[in-house]
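Here is the structure we will look at.
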2 protein chains.
Amino acid sequence: MTNAMFLILIVEDDAELRSILRTLLESNQYRVVEAATGERGIIEARGHRPDLIIADLGLPDMEGARLIGEVRAYSPVPILVLSARTMESEKIRALDVGADDYVTKPFSAPELLARVRAALRRATRGSDTLPLLNFGRVAVDLGARTTMGPVGEVHLTPLEYRVLECLARRVGMIVTQKQLIRDAWGPERMGDTRGLRSYIKTLRQKLEPDPGRPRYLVTEAGVGYRLRVDEAAAER
Amino acid sequence: MTNAMFLILIVEDDAELRSILRTLLESNQYRVVEAATGERGIIEARGHRPDLIIADLGLPDMEGARLIGEVRAYSPVPILVLSARTMESEKIRALDVGADDYVTKPFSAPELLARVRAALRRATRGSDTLPLLNFGRVAVDLGARTTMGPVGEVHLTPLEYRVLECLARRVGMIVTQKQLIRDAWGPERMGDTRGLRSYIKTLRQKLEPDPGRPRYLVTEAGVGYRLRVDEAAAER
DNA sequence: GATTTTTTTCACACCTTCCTCACACCACCC
DNA sequence: GGGTGGTGTGAGGAAGGTGTGAAAAAAATC
């Protein structure tokens with residue numbers, strides 16, 4: 001599969017940065033469309049149906065969150081958010097309404113490309129079956145709700161599966177604590193992270209090879225959690 | 001077998017989404033009927049006898065669960081549920097009353113098509129093959145309704161076979177208590193788990209090598225039960 | 001109608017799941 | 001160095017679901 005199959009929409013008001021991004025992506029064989037404003041971005045997204053959207057949060061004409069919400073209403077296309085380090089709350093907000101990942105400015109080329117690859121991988125990978133997760137020694141089949149370890153089956157409780165499933169739906173992407181709590185517990189419980197923390201712990205204990213040093217279920221401090229998969233296991 | 005054999009009923013109030021669905025399905029050679037309300041949906045389902053129903057849960061005129069219940073009362077047609085919320089409770093509810101699968105909005109075209117294919121495949125391959133179950137020392141032939149143990153035949157009552165059959169239809173997967181009660185006793189009895197618990201007990205007594213420590217007929221606390229098969233017996 | 005089988009019901013002990021709490025820890029900032 | 005906010009940890013307890021044995025009720029059989 002070649003990168004030329006992928007069309008990426010860049011929504012960025014700064015002309016210079018826009019140009020840098022285009023050059024970087026095109027030199028990696030991605031096809032690129034640009035939009036200088038949020039308004040244009042929404043239109044281009046509808047028109048071109050890109051495979052990935054890279055959107056700056058600091059747009060002059062609209063809140064970044066609005067752009068994301070509009071697109072999310074009809075499409076699951078991965079959205080990568082560019083944010084300045086000072087806009088922490090804005091960033092979390094963007095993730096909450098459906099962005100997939102963020103890159104803080106200034107960023108390095110390899111970093112951005114890695115995020116782009118990860119996001120595209122998530123989108124293209126088997127949407128037909130709930131994924132089989134591979135945690136080194138432990139394998140989780142979310143569809144059948146079975147978890148096999150080296151010494152037989154590992155038992156997960158309903159809520160544990162629910163939390164894991166929320167993370168698995170966006171493998172490799174960030175899931176905010178809000179999203180996790182809302183999806184696993186329900187909106188009433190929003191803001192109460194105690195339960196979540198407990199469940200992350202037991203999940204690590206049951207799944208991670210070394211629970212003290214999480215390798216797959218990693219913390220994104222101040223934001224949420226991210227489920228990583230082995231590169232080898234990701235391709236098939 | 002061509003897709004044109006299949007008639008799909010879409011029950012969706014949002015005209016735009018309805019149109020998207022129609023286009024998507026028709027471009028894959030499916031035949032399509034539409035209904036804008038739940039009331040219409042029930043009528044169309046009775047009239048056209050579709051091979052698959054795609055129903056939005058968030059209908060304006062009735063609970064999604066009611067639509068499913070009405071249809072399920074007279075037909076085993078596969079029902080695919082569209083859900084805006086990612087909320088588990090909604091989905092569990094839908095599956096409990098008889099939906100076959102769910103897709104959360106927003107969804108991608110390949111994802112929906114994959115679910116449609118899977119649902120139709122499940123429906124067409126019918127209930128022909130009732131598997132031979134192997135419980136270590138006891139073997140059950142559900143088709144012939146015979147159960148052989150180490151010391152001759154073991155006798156199972158009609159209801160015992162029925163409960164076991166429900167579990168066997170979904171070997172390896174979790175079957176909720178509600179599903180079991182609905183399929184073995186009928187919808188009137190839903191919510192009353194006493195009988196089920198009794199039958200699980202006797203089934204274990206008759207089939208398990210060590211009834212105190214279930215190995216094949218295992219409990220999924222808070223959800224239901226699952227029938228596990230031996231590794232060796234699983235492959236064939 | 002009597003006997004046997006099957007199904008339903010009940011109460012209680014037991015176990016799992018889930019929630020909660022207090023505190024240790026870590027990174028970062030002043 | 002001492003905050004400060006967020007996260008990880010272990011243990012305890014409440015709530016509710018599940019297993020159990022036996023006995024009553026219903027249905028099937030002779």
Side-chain angles (χ1 to χ4, degrees), chain A residues 85-86 88-89 91-92 95 104 145 147 153-164 167 174-178 180-181 183-186 188-208 210-226, chain B residues 88-89 92 96 145 147 153-164 167 174-178 180-181 183-186 188-208 210-226:
Chain A
R85 199 168 292 282
T86 52
E88 195 77 1
S89 62
K91 177 179 80 187
I92 295 180
L95 291 168
T104 45
R145 289 171 88 104
T147 307
E153 197 160 320
V154 180
H155 181 73
L156 300 192
T157 72
L159 206 38
E160 283 163 9
Y161 270 115
R162 219 138 89 200
V163 172
L164 187 58
L167 288 162
I174 292 181
V175 187
T176 65
Q177 302 194 10
K178 253 193 205 167
L180 281 167
I181 294 169
D183 289 2
W185 277 268
E188 318 80 42
R189 249 199 145 60
M190 297 256 290
D192 184 356
T193 65
R194 289 172 302 180
L196 176 60
R197 265 152 56 209
S198 247
Y199 274 85
I200 292 289
K201 193 196 93 184
T202 50
L203 278 174
R204 282 181 177 148
Q205 222 115 37
K206 289 180 179 178
L207 303 176
E208 290 276 357
D210 178 4
R213 284 195 183 65
R215 197 177 138 195
Y216 301 97
L217 214 174
V218 297
T219 303
E220 294 284 337
V223 185
Y225 299 89
R226 183 201 300 264
Chain B
E88 276 293 313
S89 55
I92 302 247
D96 272 339
R145 301 221 147 193
T147 307
E153 187 165 348
V154 180
H155 178 72
L156 300 193
T157 74
L159 247 182
E160 282 164 10
Y161 270 115
R162 214 140 83 214
V163 172
L164 188 57
L167 289 162
I174 295 180
V175 187
T176 65
Q177 303 195 13
K178 278 191 185 160
L180 281 167
I181 294 170
D183 291 1
W185 276 269
E188 318 81 43
R189 243 196 151 60
M190 298 254 290
D192 184 357
T193 65
R194 290 172 302 180
L196 175 60
R197 263 151 58 208
S198 258
Y199 274 86
I200 293 289
K201 195 194 90 184
T202 51
L203 277 173
R204 281 182 178 147
Q205 225 114 38
K206 290 179 179 178
L207 304 176
E208 290 275 358
D210 178 5
R213 283 200 175 61
R215 201 177 135 194
Y216 301 97
L217 213 174
V218 297
T219 303
E220 295 286 337
V223 188
Y225 298 90
R226 178 209 305 271

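The sequence lines fix the lettering, A, B, ..., with proteins before strands; numbering per chain opens at 1. No hydrogens, no waters, no symmetry mates; every other heavy atom, side chains included, goes into these values.
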Would you indicate, yes or no, if [N] has its OP1 or OP2 atom less than 4.0 angstrom from a side-chain nitrogen or oxygen of [X]?
X: A:H155; N: C:dT16; answer: no
X: A:Q177; N: D:dT7; answer: yes
X: B:R194; N: C:dT9; answer: yes
X: A:R197; N: D:dT7; answer: no
X: B:W185; N: C:dT7; answer: no

Atom-to-atom span, [atom1] of [X] to [atom2] of [N] - whole angstrom:
X: A:E208; N: D:dT9; atom1: CD; atom2: C1'; result: 16 Å
X: A:Y199; N: D:dT9; atom1: OH; atom2: P; result: 16 Å
X: A:I200; N: C:dT20; atom1: CD1; atom2: P; result: 17 Å
X: A:E220; N: D:dT7; atom1: CD; atom2: P; result: 11 Å
X: B:L164; N: C:dT6; atom1: CG; atom2: P; result: 16 Å
X: A:L159; N: D:dG16; atom1: CG; atom2: P; result: 16 Å
X: B:K206; N: D:dT20; atom1: NZ; atom2: C1'; result: 16 Å
X: B:L196; N: D:dT20; atom1: CG; atom2: P; result: 13 Å

Where each residue is assigned the nucleotide of DNA chain C containing its nearest heavy atom, which of A:T157 and B:R189 is assigned the position nearer the 5′ end? B:R189
Residue B:A221, side-chain heavy atoms: nucleotide from D:dG8, C:dT16, D:dG19 that is nearest: C:dT16
Could you give the distance from CE (A:M190) to CD (A:Q177), rounded to the nearest 0.5 Å? 11.5 Å
For [X], report the nucleic acid contact type (base, sugar-phosphate, nothing); a contact means any heavy atom under 4.0 Å.
X: A:T193; answer: nothing
X: B:R162; answer: nothing
X: A:E160; answer: nothing

Short N-O contact, B:E220 and A:R145, less than 4.0 angstrom: no
Heavy atoms only: give me the nearest B:A221-A:P158 pair and the separation to one decimal. O-CG, 3.5 Å
Would A:Y199 and A:T157 count as having a side-chain donor-acceptor pair, cut-off 3.5 Å? no
More 5' along DNA chain D: A:G222 or A:K201, using each one's nearest nucleotide? A:G222
Quiz question: going by heavy-atom distance under 3.5 Å, is there a donor-acceptor pair between the base of C:dT7 and the side chain of B:S198? no
Which residue is it: A:L167, A:T219, A:L217, A:V218? I am looking for the one with a side chain to side chain contact (heavy atoms under 4.5 Å, CB included) to A:R226. A:V218
